[in-house]
**Student:** 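Submitted below is the structure of interest, expressed as structure tokens.
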Number of protein chains: 2
Amino acid sequence: MNTIQPRYRQIADELRLLIASGTLKPGDALPTEMELCEVKDISRHTAREALRILTEDGLIARRRGAGTVVTAPPAPAFAQPIGDFESILQYARDAVFIPERTRPASAADLKRMGVEGDYIVYTGLRRATGEAPLAITTILVLRQLAPPLEEVNQLQGSISEWIEGAHGASVSNVIQRMEAVALGKGDAARLGVAAGSPALRTLRRYADTAGRTILVSESLHPAGRFAYEMKLTRQRK
Amino acid sequence: MNTIQPRYRQIADELRLLIASGTLKPGDALPTEMELCEVKDISRHTAREALRILTEDGLIARRRGAGTVVTAPPAPAFAQPIGDFESILQYARDAVFIPERTRPASAADLKRMGVEGDYIVYTGLRRATGEAPLAITTILVLRQLAPPLEEVNQLQGSISEWIEGAHGASVSNVIQRMEAVALGKGDAARLGVAAGSPALRTLRRYADTAGRTILVSESLHPAGRFAYEMKLTRQRK
DNA sequence: TAGTGGTCTAGACCACATG
DNA sequence: ATGTGGTCTAGACCACTAG
């Protein structure tokens with residue numbers, strides 16, 4: 001793969017790393033344009049292009065006459081930056097879902113998840129590698145599309161991607177709902193927190209091109225272990 | 001208000017008008033960079049800057065070797081490619097913010113909200129008409145842009161819209177962070193729930209085109225009174 | 001092959017913020 | 001008064017697309 005990057009992008013990435021790693025903290029000054037020109041041996045235009053990228057990403061703020069400073073607090077490790085459709089699937093890949101049980105969905109399951117139909121339920125924990133469990137996850141899959149449990153266990157990607165590969169179905173949109181809830185006794189115990197503790201409940205409904213809900217997932221993230229972060233960019237008008 | 005616009009922005013606006021008016025339809029070719037340079041008597045850099053703005057707005061698409069064309073018209077409302085920007089402002093209009101107090105931001109305020117600088121704090125409740133309070137809201141506004149409290153009281157739209165109207169500043173993007181938290185005693189009492197109750201904490205940072213954070217808002221929605229819902233549509237590809 | 005957009009250089013003048 | 005970022009010029013070479 002030819003991954004040659006333009007100079008301005010390389011420099012933007014270097015600076016981004018300094019910010020992400022905490023070497024440059026919020027409020028800290030970045031090199032001025034002229035300093036960048038000398039240190040990196042580039043023209044001012046190239047330096048500005050790099051800084052422009054970081055500005056658009058919301059990482060730095062620039063003020064004429066004053067200078068350039070870091071604006072974004074370094075995202076805590078548990079923060080999940082999400083800005084678009086693809087990154088939801090990305091999260092599903094990064095944080096491994098470890099299924100524990102599977103069974104047909106009961107009426108209570110369907111009501112809680114807000115769907116109707118013939119679904120299979122997978123329950124389990126979601127964790128990043130080697131960490132404490134991030135969340136309890138429940139996934140409902142349309143029975144006719146559901147993968148067997150043993151396949152899910154060795155799944156590399158997400159279940160929705162497996163469905164797309166195995167059945168040719170295509171996820172067209174995702175409706176995501178987020179709210180705060182109090183954890184019940186059982187859930188709290190599995191996550192190692194007190195009953196009644198706050199959690200972020202994220203419900204996602206995946207619909208295919210025909211509008212059929214092929215998958216619903218519910219995640220319960222206990223307070224402090226996870227934050228959902230997204231960047232919204234203004235549209236044309 | 002400062003009416004002087006840089007040359008590249010004037011030209012971007014001229015082209016934008018051609019597209020908005022339908023003179024240039026989707027698929028139509030725009031002038032090449034060199035043509036723009038000659039017709040407008042500008043350097044190539046300035047022409048590119050104008051075209052870049054339109055590219056970022058998603059109005060045009062550029063292909064090396066091929067040229068520049070007008071992209072497809074704005075997608076229907078239900079198919080916004082991204083959990084969209086406008087809907088945040090919409091919420092800010094629907095649920096009225098009732099400010100109670102204002103004061104300069106303390107160091108603790110700034111730390112909690114993740115910003116640095118000279119900000120004014122507004123605290124108050126947010127409620128839909130006639131209902132129980134939906135949330136406790138805290139808003140930090142850059143002092144030089146802050147509206148007086150009596151203006152906020154009779155504000156029709158959101159504070160961010162007031163700023164845009166009064167100062168000509170333009171919100172370019174919003175970073176939104178959501179997590180679950182336990183309510184402290186004071187907050188819980190104001191919302192009429194028990195201390196330690198779960199709440200959805202939503203932190204939003206509004207940045208202008210220079211990356212300057214002009215407004216930060218924090219909302220605490222007690223469990224059960226509010227859910228945040230967004231629809232993400234898969235991109236072409 | 002001719003023309004496009006992508007990258008980059010080396011200058012310049014300006015408005016603005018800070019000391 | 002100095003230095004910052006914002007704007008702009010006038011070049012250059014390149015990778016890519018299309019006729």
Side-chain angles (χ1 to χ4, degrees), chain A residues 1-15 27-71, chain B residues 1-15 27-71 116-118 142-145 167-170 172 207-214:
Chain A
M1 166 155 41
N2 191 6
T3 48
I4 246 191
Q5 290 277 60
R7 196 88 180 89
Y8 65 84
R9 187 161 290 280
Q10 294 174 26
I11 289 169
D13 288 342
E14 289 177 28
L15 293 173
D28 286 356
L30 269 80
T32 65
E33 294 180 354
M34 288 314 296
E35 286 171 355
L36 264 187
C37 293
E38 291 162 12
V39 172
K40 303 292 185 183
D41 192 32
I42 54 179
S43 75
R44 190 169 163 221
H45 175 70
T46 304
R48 281 182 64 78
E49 198 66 26
L51 293 171
R52 176 205 290 272
I53 290 178
L54 300 180
T55 303
E56 280 173 3
D57 285 355
L59 289 175
I60 63 176
R62 320 197 66 198
R63 274 166 60 229
R64 168 165 31 185
T68 303
V69 298
V70 179
T71 57
Chain B
M1 173 146 23
N2 192 4
T3 49
I4 247 190
Q5 289 279 64
R7 196 88 180 88
Y8 64 85
R9 188 161 289 280
Q10 294 174 25
I11 290 169
D13 287 342
E14 290 177 27
L15 293 171
D28 287 356
L30 269 79
T32 66
E33 293 180 354
M34 288 315 294
E35 286 170 356
L36 264 187
C37 294
E38 290 162 12
V39 172
K40 303 293 184 181
D41 192 31
I42 55 179
S43 75
R44 188 169 165 221
H45 175 70
T46 304
R48 280 182 65 77
E49 198 65 25
L51 292 171
R52 143 180 267 142
I53 289 179
L54 300 179
T55 303
E56 279 172 5
D57 286 355
L59 290 174
I60 62 176
R62 320 196 65 197
R63 274 167 61 230
R64 165 163 36 184
T68 303
V69 298
V70 179
T71 54
E116 295 187 355
D118 189 13
L142 213 51
R143 182 193 294 270
Q144 66 203 86
L145 303 177
H167 291 99
S170 176
S172 162
D208 67 9
T209 49
R212 189 174 54 156
T213 299
I214 62 178

**Student:** Side chain of B:Arg48 only, please: which of D:dG6, D:dA18, C:dT7 is the nearest?
**Tutor:**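 So the nucleotide nearest the side chain must be C:dT7.
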**Student:** Looking at D:dG6, C:dC8, D:dT17, which one has an atom nearest to any side-chain atom of B:Arg63?
**Tutor:**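 Minimum distance to the B:Arg63 side chain belongs to D:dT17.
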**Student:** B:Ile53 CD1 to D:dT7 P: how many Å, rounded?
**Tutor:** 9 Å
**Student:** Return the value, rounded to whole Å, for the distance between atom CG of A:Leu30 and atom C1' of D:dT4.
**Tutor:** 14 Å
**Student:** Assuming nearest nucleotide by heavy-atom distance, tell me which of A:Pro6 and A:Gly65 is located more 5' along DNA chain C.
**Tutor:** A:Pro6
**Student:** Got a second to check how far A:Glu33's CD is from A:Thr68's OG1, nearest 0.5 Å?
**Tutor:** 6.5 Å
**Student:** Can you tell me which nucleotide in C:dA10, D:dT9, D:dC8 comes closest to the side chain of A:Ser43?
**Tutor:** C:dA10
**Student:** From C-beta outward on B:Arg64, which listed nucleotide comes closest to its side chain: C:dA17, D:dA10, D:dC16?
**Tutor:** D:dC16
**Student:** Measuring to OP1 and OP2 of C:dT7, would you say a side-chain N or O of A:Thr46 lies under 4.0 angstrom away?
**Tutor:** no
**Student:** How close or far is atom C1' of C:dT7 from atom CD1 of A:Ile42, stated in whole angstroms?
**Tutor:** 12 Å
**Student:** Only pairs with both distances under 3.5 Å count, Watson-Crick or wobble alike; so what is the partner of D:dG19 in this structure?
**Tutor:** none
**Student:** Measure the distance from CD on A:Glu33 to P on C:dG11 and round it to the nearest whole Å.
**Tutor:**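 Between P of C:dG11 and CD of A:Glu33: 17 Å.
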**Student:** Check this one for me: any side-chain N or O of A:Thr68 less than 4.0 Å away from OP1 or OP2 of D:dG5?
**Tutor:** yes
**Student:** Of the nucleotides D:dT7, C:dG6, D:dG6, which one has an atom closest to the side chain of B:Arg62?
**Tutor:**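 Ranking D:dT7, C:dG6, D:dG6 by closest atom to the B:Arg62 side chain puts C:dG6 first.
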**Student:** In whole Å, I'd like the distance from the CZ atom of B:Arg9 to the P atom of D:dG6.
**Tutor:**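 The distance from CZ of B:Arg9 to P of D:dG6 comes to 12 Å, rounded to the nearest Å.
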**Student:** OP1, OP2 of C:dA10 versus side-chain N and O of A:Arg44: anything below 4.0 Å?
**Tutor:** no
**Student:** Under 4.0 Å between a Lys/Arg side-chain N and an Asp/Glu carboxylate O for A:Arg52 and B:Glu49?
**Tutor:** yes
**Student:** B:Glu38 CD to D:dT9 C1': how many Å, rounded?
**Tutor:**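 Interatomic distance, CD of B:Glu38 to C1' of D:dT9: 15 Å.
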**Student:** Side chain of B:His45: nearest nucleotide among D:dG5, C:dG6, D:dC8?
**Tutor:** D:dC8
**Student:** Rounded to the nearest Å, what distance is computed from the CZ atom of residue A:Arg52 to the P atom of nucleotide C:dC8?
**Tutor:** 14 Å
**Student:** Closest nucleotide of DNA chain D for B:Asp41 versus for A:Gly67: which of these residues is on the 5' side?
**Tutor:**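 Looking at the nearest nucleotide for each, A:Gly67 comes out on the 5' side.
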